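None of these values were measured; they are calculated from a predicted model. Just so it is clear, the values below take in all heavy atoms, side chains as well, and ignore hydrogens, waters and symmetry mates. In this chain, residues are counted from 1 in sequence order.
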Amino acid sequence: MKKFVVGITGASGAVYGVRLVQELQKQGHFVHLLLTEASFQVFREELGWDTSDRQQLINEKLKVQEDLLAIHSLRDFKAPIASGSYICDGMIIIPCSMGTLAKIANGISSNVLERAADVTLKEGRKLIVVPRETPFNLNHLENMKRLMLAGGTIIPAMPGFYHRPQTIDDIVQFLVGKVMDSLGIKNDLYTRWGGER
C-alpha cells in the first residue's frame, strides 16, 4: 500500500480529482484528501451534487474503502501531511487552479494544501499538478516553469484522442491514467498508443 496526498481545488474538472481518489483506493492505496471551499462549488455546478451535507457527499462519492481515506481541513496544520517527517509517496493536485499553482510555485503556504505541496517539494517527493485553464497567460506559464524547476511535474488537463474516446468518461479515464502512469501505478484506464491497455 502506498500513501498519497490528493488536493482538489476549485478549477474546472473536479471529475478528474474524484476519479483519481476512487481509483487510488480501488488499488488499495491510502489517500489523504484536501478539498478547497471552491471545490464544493464545482462539485455542485459541474457534477450536479448536493453539497449541503459535505460529509455525506464525501462518504457517497469519494470514499471507496473506509480505511483508505482521510479528510483534512485546510486549516489543520497539525495534520501529518503538513510535516516532512510524515512519509508519503507523492502528492497530486487535480484539478489545480492557477491561484493555487502560483502560491506553490512561489513558496507560499497559507493553508494545508499549499503546505503539503511545499513539504512534498522540499523532501524531493513526487508532486503532480494538473492545471485546468485556457488560455494561459504569461504569469501562468512562468509559474508552471518555476514549479517544474522546483521539482514538480505538470500534467495539464489536455485529452488525447488517439484512443478514440466515445464518452466523457473515456476522456476522464485517459487523464487519470496518465497521472497514475506518472506515479508509477499500473493501470488499464485507457488504451495506449498502438492499441494496448
Side-chain angles (χ1 to χ4, degrees), residues 4-25 29 31-49 51 54 57-58 61-64 69 71-72 74 81 90-106 108-118 120-121 126-137 139-148 150 152-161 165 167-183 185 187 189-190:
F4 296 100
V5 180
V6 177
I8 300 178
T9 73
S12 181
V15 66
Y16 294 124
V18 169
R19 185 62 53 81
L20 178 64
V21 169
Q22 293 168 341
E23 290 298 328
L24 288 172
Q25 290 176 84
H29 302 298
V31 176
H32 291 277
L33 182 60
L34 296 159
L35 300 165
T36 68
E37 186 64 30
S39 71
F40 287 99
Q41 295 176 26
V42 179
F43 290 156
R44 185 173 59 250
E45 297 300 323
E46 290 187 354
L47 303 177
W49 292 355
T51 59
R54 293 180 177 187
L57 180 148
I58 290 165
K61 306 293 187 180
L62 294 164
K63 190 176 289 185
V64 173
L69 183 69
I71 312 293
H72 300 286
L74 295 186
I81 57 175
M91 179 174 182
I92 312 94
I93 306 172
I94 177 172
C96 185
S97 68
M98 286 299 150
T100 298
L101 191 151
K103 287 182 180 179
I104 295 165
N106 289 282
I108 299 169
S109 298
S110 59
N111 62 39
V112 175
L113 189 154
E114 294 156 10
R115 171 61 183 165
D118 189 53
T120 301
L121 289 174
K126 186 83 167 184
L127 174 65
I128 297 174
V129 173
V130 180
R132 215 308 309 158
E133 186 64 85
T134 191
F136 294 133
N137 67 36
N139 288 331
H140 300 155
L141 295 170
E142 288 291 344
N143 286 329
M144 283 187 262
K145 176 184 175 183
R146 184 183 300 269
L147 188 60
M148 288 189 71
T153 299
I154 307 289
I155 301 180
M158 296 178 180
F161 289 93
T167 65
I168 291 175
D169 194 58
D170 290 341
I171 294 170
V172 171
Q173 295 277 90
F174 173 85
L175 183 72
V176 173
K178 295 290 280 184
V179 169
M180 293 181 79
D181 287 350
S182 188
L183 291 169
I185 300 174
N187 70 88
L189 294 178
Y190 68 102

Donor-acceptor pairs under 3.5 angstrom involving side-chain atoms of residues 91-104: please list them, not counting sequence neighbours.
{"from": "Ser97", "atom 1": "OG", "to": "Thr100", "atom 2": "N", "distance (Å)": "3.2"}
{"from": "Ser97", "atom 1": "OG", "to": "Thr100", "atom 2": "OG1", "distance (Å)": "3.0"}

Can you tell me if Asn111 uses its side chain to pair, donor with acceptor, with the backbone of Leu113 under 3.5 Å? yes
Residue pair Leu20 / Met180: nearest heavy atoms and the distance that separates them: CD1-CG, 3.8 Å
Would you name the heavy atoms of Lys178 and Tyr190 that are closest together and state the gap between them? CD-OH, 3.3 Å
Supply the atom-to-atom distance Leu183 CG to Phe4 CZ, rounded to the nearest 0.5 angstrom. 5.0 Å
Under 3.5 Å donor-acceptor, Ser182 side chain and Val179 backbone: no
Sub-3.5 Å donor-acceptor pair from the side chain of Glu46 to the main-chain atoms of Val42, do we have one? no
For residues Val31 and Leu62, determine if any side-chain heavy atom of one lies less than 4.5 Å from a side-chain heavy atom of the other. no
cation_pi(Arg132, Tyr16) dist<6.0 Å, angle<=45: no
For a quick test of reading the model, state the closest non-hydrogen atom pair linking Ala14 to Leu47 and the distance between them. CB-CD1, 4.5 Å
dist Thr9:OG1 -> Leu74:CG (nearest 0.5 Å) comes out at 10.5 Å
Hey, what do you get for CD (Glu142) to CE (Met144), rounding to the nearest 0.5 Å? 10.0 Å
Mind checking what makes side-chain contact (heavy atoms from CB on, under 4.5 Å) contact with Gln22, not counting sequence neighbours? Val18, Arg19, Val64
Between Phe174 and Met158, which heavy-atom pair has the shortest distance, and what is it? CE2-O, 4.0 Å
Does atom CG of Leu141 have more than 12 heavy-atom neighbours, drawn from other residues, nucleotides or ligands, at distances under 6.0 Å? yes
Taking side-chain hydrogen bond (donor to acceptor under 3.5 Å, both in side chains) as the test, write out the residues that go with Glu23, two or more places apart. none
Taking Val15 as the fixed residue, which of Leu175, Ile168, Val172, Ile171 is the one that meets the side chain to side chain contact (heavy atoms under 4.5 Å, CB included) rule? Val172
Looking only at heavy atoms, the pair that brings Thr120 and Ala116 closest together is OG1-O, 2.7 Å
I'd like to check the side-chain contact (heavy atoms from CB on, under 4.5 Å) partners of Thr167; sequence neighbours left out, ordered by chain and number. Asp169, Asp170
Can you tell me if Gln25 uses its side chain to pair, donor with acceptor, with the backbone of Lys63 under 3.5 Å? no
Can you measure from CD1 (Ile8) to CZ (Phe40) and round to the nearest 0.5 angstrom? 9.0 Å
Which residues pass the side-chain contact (heavy atoms from CB on, under 4.5 Å) test with Asp118, not counting sequence neighbours? Ser109, Arg115
Please list, chain by chain and in numerical order, all residues satisfying side-chain contact (heavy atoms from CB on, under 4.5 Å) with Ile71, sequence neighbours excluded. Leu33, Ile58, Leu69
Could you tell me whether the side chain of Phe136 reaches within less than 4.5 Å of the side chain of Asn143, counting heavy atoms only? no
